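As structure tokens, the structure follows; a few thoughts come after it.
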Amino acid sequence: MSVTVAAVVLMMGSPVPEAANATLGVNPTQASVESATAPQVPADPQAGAPATPAPTPIVLPTFGSTQSAEPPVTFDPAASLPTLAPAQPADADADADAANDNADSTLPGSEIVVRHRRPSPGDPLEHINAESFKVVQAVDQAVIEPVAKVYNKGIPRPIRQGLRNFFNNFNEPVVFLAYMLELKPGKAMETAGRFVINTTVGVAGFIDVAKRKPFNLPYRPNGVANVLGYYGVGPGPYMYLPLVGPTTVRDLIGDTLDNLVLAPTLIGKPFNKPEVAIPMSVVRQLGERGAFDEEINRIRKTDDPYATYRELYLRQRQAEIDALHGRVTPNVVPVYGPGMKTPGKKKKHDVEPEAAPETQQPAPASAVPESGADSGSVAVPTATPAPTAPEAAGQGAAPVAIPAATPQATTQPETHP
């Protein structure tokens, strides 16, 4: 019973009553002396509140004689309790870095916005074509353009125009065959007449006599690619190829057959030999580049030269096919072919008369290039005044203006015989 009372008192941390001490044989005076002499923890003068006093040691009762020489056993609760350090983060530096990263990610301007050119449905290889265009234009500005400028300035205009007439006349047999395949015998006969007149009277085609009075037979481009387009074959994907320039799958096939198969075969020797055909091709391309010099410089000044050149090419190609169906496409800016004017001043006898007017049905307002016209990314520049900002916004397209565009003639349409 006495042991139980002592245990309860020990657990409660209170002094042992005198009655219990007497019963257990504990000297009350000794217990009180131990309590009175217990060390007190002084208050910390620097702290704002007094320090917590140290717990009072508890004297364990001794059993047996009170005169025992052994000192009493004391129990200090403060000494028996382990000291626990305040909890710290597992990795304070890592938490600080994470907090900095989160703060940086929310700073204004920390997000990167990447914008791409609006893709064109007719140009699935636009990224590759645009890179090819950049490379070709860099080479052109460094090498070909200086040569073309020397060609324009060093050779008189009548000679340069005569060379272009010669190559147009050289291609007349292909134009004749194309009109026959399109079931237009009337236009085919006109083409044959042009070829005979210019080859004989026009000195192998150097002088375009057939377009003047009394013949009034203008040159009309045609070929296998136009035949395919006339019968509804789509242009296919747009491409920009080195040594070829802008083209489509349909035009690439048609032009290859025209220049490498039909023309050499129909004309015959010596024009089908490489030693003749290659120099002729170089001179022809140099003349076309010289005629294209002013226009390409205007295209390069636009916001998106690649898209502008693409839309001009596709618009001209569509206009030629629409002309086969008797539809007029106004304000076409030519980027290839005889529609480009030969640079230089004309003399009075060099003025080219216009072809006799024909009654045609106008092209519908929706007549646009077959590939890429519905992309809405580039408006084809024309000779008409540029629309104002509200008008351009109402058209739903981002116009790309070519500064100081020269007026161009309307594509000559065709009529069914």
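All values derive from a computational prediction rather than experimental measurement. Each residue takes its place number in the sequence, starting with 1.
- The shortest side-chain heavy-atom distance between Thr342 and Asn152 does not fall under the 4.5 Å cut-off.
- Listed by chain and number, the residues in a side-chain contact (heavy atoms from CB on, under 4.5 Å) with Ala148 are Arg289 (sequence neighbours excluded).
- Note: Lys301 NZ to Thr308 OG1 = 14.0 Å, rounded to the nearest 0.5 Å.
- Within the structure, every pair that satisfies the side-chain hydrogen bond (donor to acceptor under 3.5 Å, both in side chains) test and touches residues 196-209, not counting sequence neighbours, is listed here: Asn169-Thr199, Arg194-Asp208, Asn198-Asp208.
- Considering NE2 of His325 and CG of Asp322, their distance stands at 7.0 Å, rounded to 0.5 Å.
- A search for ring-ring contact (aromatic ring centres under 6.0 Å, His included) contacts involving Tyr336 returns Tyr313, not counting sequence neighbours.
- For residues 123-162, the set of pairs meeting the ring pair (Phe, Tyr, Trp, His ring centres under 6.0 Å) definition, not counting sequence neighbours, comprises Phe133-Tyr240, Phe133-Tyr306.
- Between the side chains of Glu172 and Asn168, no donor-acceptor pair of N or O atoms lies under 3.5 Å.
- Sorted by first and then second residue, the ring pair (Phe, Tyr, Trp, His ring centres under 6.0 Å) pairs involving residues 243-286 (not counting sequence neighbours) are Phe170-Phe271.
- In this structure Val203 satisfies the side-chain contact (heavy atoms from CB on, under 4.5 Å) test with no other residue, sequence neighbours excluded.
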Check: Given the rule in the ring pair (Phe, Tyr, Trp, His ring centres under 6.0 Å) test, do Tyr219 and Phe167 qualify, once you have shown the distances and angles that lead to the verdict?
Finding: CA-CA 12 Å; Tyr219 175 78; Phe167 290 116; over 10 Å; no

Margin query: Let's go through Leu312 and Gln316 carefully: what are the C-alpha distance in whole Å and the side-chain angles of both, what is the deciding distance for side-chain contact (heavy atoms from CB on, under 4.5 Å) to 0.1 Å, and is it a yes or a no?
Written below: CA-CA 6 Å; Leu312 289 175; Gln316 182 178 355; over 6 Å; no

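- Residues satisfying the side-chain contact (heavy atoms from CB on, under 4.5 Å) criterion with Asn222, sequence neighbours excluded, are Val175, Ala178, Tyr179, Glu182, Asn226, Leu324.
- Applying the salt bridge (charged side-chain N to carboxylate O under 4.0 Å, His left out) criterion to Arg164, with sequence neighbours excluded, gives Glu288.
- A donor-acceptor pair is defined here as one N or O able to donate and one able to accept, closer than 3.5 Å; no such pair exists between the side chain of Arg160 and the backbone of Gly290.
- Residues passing the salt bridge (charged side-chain N to carboxylate O under 4.0 Å, His left out) test with Lys149, sequence neighbours excluded: Glu145, Asp293.
- Looking only at distances, a side-chain donor or acceptor of Asn259 sits under 3.5 Å from a matching main-chain atom of Asp255.
- Using a 4.5 Å cut-off on side-chain heavy atoms (C-beta onward), Glu320 and Pro221 make contact.
- In this structure the side chain of Thr248 never reaches within 4.5 angstrom of the side chain of Met239, judged on heavy atoms.
- Here the straight-line distance linking atom OG1 of Thr247 with atom CG of Asp251 works out to 4.5 Å at 0.5 Å rounding.
- The minimum heavy-atom distance between Pro279 and Pro274, with the atom names listed, is CD-O, 3.8 Å.
- Side-chain contact between Arg300 and Ile296 is present, with at least one heavy-atom pair separated by less than 4.5 Å.
- By the 4.5 Å heavy-atom criterion applied to side chains, Glu311 and Tyr238 are not counted as neighbours.
- In this structure, the separation between CZ on Arg220 and NZ on Lys184 is 10.5 Å, given to the nearest 0.5 Å.
- Not counting sequence neighbours, the partners of Pro156 by the side-chain contact (heavy atoms from CB on, under 4.5 Å) test are Pro158, Ile159.
- Within the 4.5 Å cutoff, the side chain of Val332 has heavy atoms near those of the Thr329 side chain.
- Between Pro334 and Glu295 the shortest side-chain heavy-atom distance does not fall below 4.5 Å.
- Counting only residues at least two apart or on different chains, no side-chain hydrogen bond (donor to acceptor under 3.5 Å, both in side chains) pair has a member in residues 260-286.
- Leu314 is not listed as a side-chain neighbour of Gln318, based on a closest heavy-atom distance of 4.5 Å or more.
- Applying the ring pair (Phe, Tyr, Trp, His ring centres under 6.0 Å) test to every pair with at least one member in residues 188-211, sequence neighbours left out, gives these pairs: Phe166-Phe206.
- Rounding to the nearest 0.5 angstrom, the gap separating the NZ atom in Lys211 from the CD1 atom in Ile207 is 10.5 Å.
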Note to self: As a quick check of understanding, evaluate side-chain contact (heavy atoms from CB on, under 4.5 Å) for Asn129 and Asp123, giving each step before the final call.
What the structure shows: CA-CA 8 Å; Asn129 291 333; Asp123 191 3; 2.8 Å; yes

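- Ion pair Lys341/Glu294 not flagged as a salt bridge, since none of the NZ, NE, NH1 or NH2 atoms sits closer than 4.0 Å to an Asp/Glu carboxylate oxygen.
- A distance of 7.0 Å separates CG in Leu163 from CD1 in Ile155, rounded to the nearest 0.5 Å.
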